[in-house]
Structure formats: structure tokens, C-alpha cells
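Read through the structure below, which is laid out as C-alpha cells, and then see the notes.
Just so you know, ligand 1 is whichever comes first in the structure, and atom 1 is the first atom listed for that ligand. If you're wondering where the values come from, they're calculated on a predicted model, not measured in any experiment. These numbers come from the heavy atoms of this one structure, side chains and all, not from hydrogens, waters or symmetry mates.
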Amino acid sequence: MTLLSIKDLKSSFITRDGMVRAVNKVSLDVFENETLGLVGESGCGKTVLALSILRLLSENTVVEGEIIYKEQDLIKLGEKEMRNIRGREIAQIFQNPLSSLNPVLTIGLQVSEPFMLHRGMKLAEAWKNAISMLRAAKIPSPTERGKEYPHQFSGGMRQRAMISMGLACSPELIIADEPTKGLDVTIQAQIIELMRELVNDRGASMLIITHDLAVASELCNRIAVMYSGEIVEISGIKDFFSSPAHPYCKSFLSSLPLNGMKPISGSSPSLIDVPEGCRFHPRCEYAYERCRTEHPEIYTLEKGRNVRCFLYA
Ligand code: SF4
């Protein structure tokens, strides 16, 4: 069953130099009980896509298309209705918890807030629930540590607190943007394991945004790869790692240390000046004449596998 359906989404920023389209014609479904990885290099538009879903983009942005969640189009909802959905039904876990947590409030109070805001609990009851959430996130001595402030927590513990906040109201969809960025490898593994456990226990779906294919391979059932504002491939995780279809995905996988670190030639185009035709053509070893002039649509390879490339037309 589809939980969230994004159709033909375009997100553009109004700048002095004109409109810059950061997300171009993205269509993507998130199913119930799945973890979908949204992967791509920095600046490819994946965070803008997440912020478009949550309606957290700045005012100089134009978002077009449809984002259907439970038969309602999130793009058309008012801010008050969106506030009710954010945190309660769709939760966000962002990178860099130090800047997302309030430095002058204790961790326990911050994790209590969603219970008070979305569940109408009084502080004492919310606090009890917050301590249970901190315990579920494997924060040692949660009753004592709940009284501490963010600066008294290590990076890994702060991310655990953010995860507790995100999952407090048992959301149906969690959007996690680079949740392990900046953490050392051991802590990353612990956070991944924790997220897998908590999301599975609660039967939630997760859209995880990452530039790290290792994180995606650990956590995801399916993967969607973005390049220059567009989705270029959607595949099941096993198919993707055993036989990536899009030339960019093949190169992306070859650039991993495990596969010999063969760098992708050239660099990603600026979104202000995207190449005509296929956006990947200046870097693609399979490019031919058509790729330089025509823009490829998404082609279906087989059920559940979609690729934006003329090689599969
Ligand atoms: Fe390469 Fe052409 Fe496919 Fe683009 S459409 S990825 S340039 S082969």
C-alpha cells in the first residue's frame, strides 16, 4: 500500500538571476512499512525534496505538482493543518542535532514537547513518556540524563535524543536527512541499528536521505537515486547493488572504496545551468547523439525498476 505519493514535483527558488529548479519532475512513492533511501551527491536536490514534503522551504520557493498523503495533497494544505501533520504523522530527523536542539532546554523537556503538543498531555505525563523514549533509544540512565542540556551530550547521544523526539508520537512516516553525518563509524553503526530497530518495532515507513551508499544498503528496502534535481533510478536494494542500471549509478558504485574507488569523470552540473538533453550526458561514457539534444523520460525496466536513460527506451 502506498503511504506517500509524489507526482511530478517541481521545486524552484526565485533568485536574482531567475528561477533555479532544484527538484525537477520527481515522481516517487513511499510504501507502508518500507525504508526508502534517497541517495545522491551533495547539491543534487534530495534535501530540497524532503523539505518540500514537509513544507519547510523558505518563502522564495515555488513548489508544483502533488504530494499525496492519506488522500490529501500536502501542497494544498494550510500551515495550521501542516503543523498537525508534522511531528505527529510525518516526523523529521535532521543531521546536526546540535543546531536542531534548543540549547537552553533540557533534553527531557524537548522530548516531552511532542507529547504535549500533539497528544495533549500535561508535563508530568509527557515527561514520563519522554524518559521511556530516551530509554528505548538506549540512552543510559535516562531519568538523570533527561535533566541535562544538549551540550552535555556527545554527538551520538544527541542524535539518539533527536530520534526519540522524532518517534515520540509514533509517526507513520519518518523523514531522516543524513542522520549519521558527522558521527564516527562505530557510532554510525549503532545509530543505524537503533533506527532499524525502532522503525521496525513501530511499523513505520522511513524516507532516509543520504549520500552514503553503505548507510542505504544497511537500512533500505528500495533506493531512489537523484542526479541534478531528477530521479535517475528507482530499484530494489539487491537489484541496485548487484546490477545498477543507470550509467550514473554504475559510476557511483564504482567510486566506492569497496569497488576500487574509480572516480566519476567531471563534476555535477550547477542547477543554474543544467546541460541540454540528458543532464548526465557530459559525464556519461554511453552518451550518443540523442542524449545531447533530448531529455530522457523514466522507463520501466521491470516491475519496481525505473530508469531515466535512453538505453532502456
Ligand atoms: Fe548516458 Fe544517454 Fe543514458 Fe543519459 S540517456 S545516462 S547520456 S546513455
field: Parallel, tilted or perpendicular, as decided by the 30° and 60° cut-offs, for the rings of Tyr248 and Phe280
entry: perpendicular
- request: Would you please classify the geometry between the Tyr299 ring and the Phe310 ring as parallel, tilted or perpendicular, with 30° and 60° separating the classes?
  value: tilted
When the side chains of residues 3-10 are checked against the rest of the protein, which donor-acceptor pairs come out under 3.5 Å, sequence neighbours left out?
| from | atom 1 | to | atom 2 | distance (Å) |
| --- | --- | --- | --- | --- |
| Ser5 | OG | Asp29 | OD1 | 2.7 |

task: Report the protein N/O/S neighbours of atom 3 (Fe) of ligand 1 that fall below 2.8 Å; do not count waters.
output: Cys309 SG
field: Same apolar cluster (I L V M F W Y, side chains within < 4.5 Å links), Leu198/Val215
entry: yes
query: Salt bridge between Lys128 and Glu125, side-chain N to carboxylate O under 4.0 Å?
result: no
query: Any ion pair linking Arg292 and Glu289 (charged N to carboxylate O, less than 4.0 Å)?
result: yes
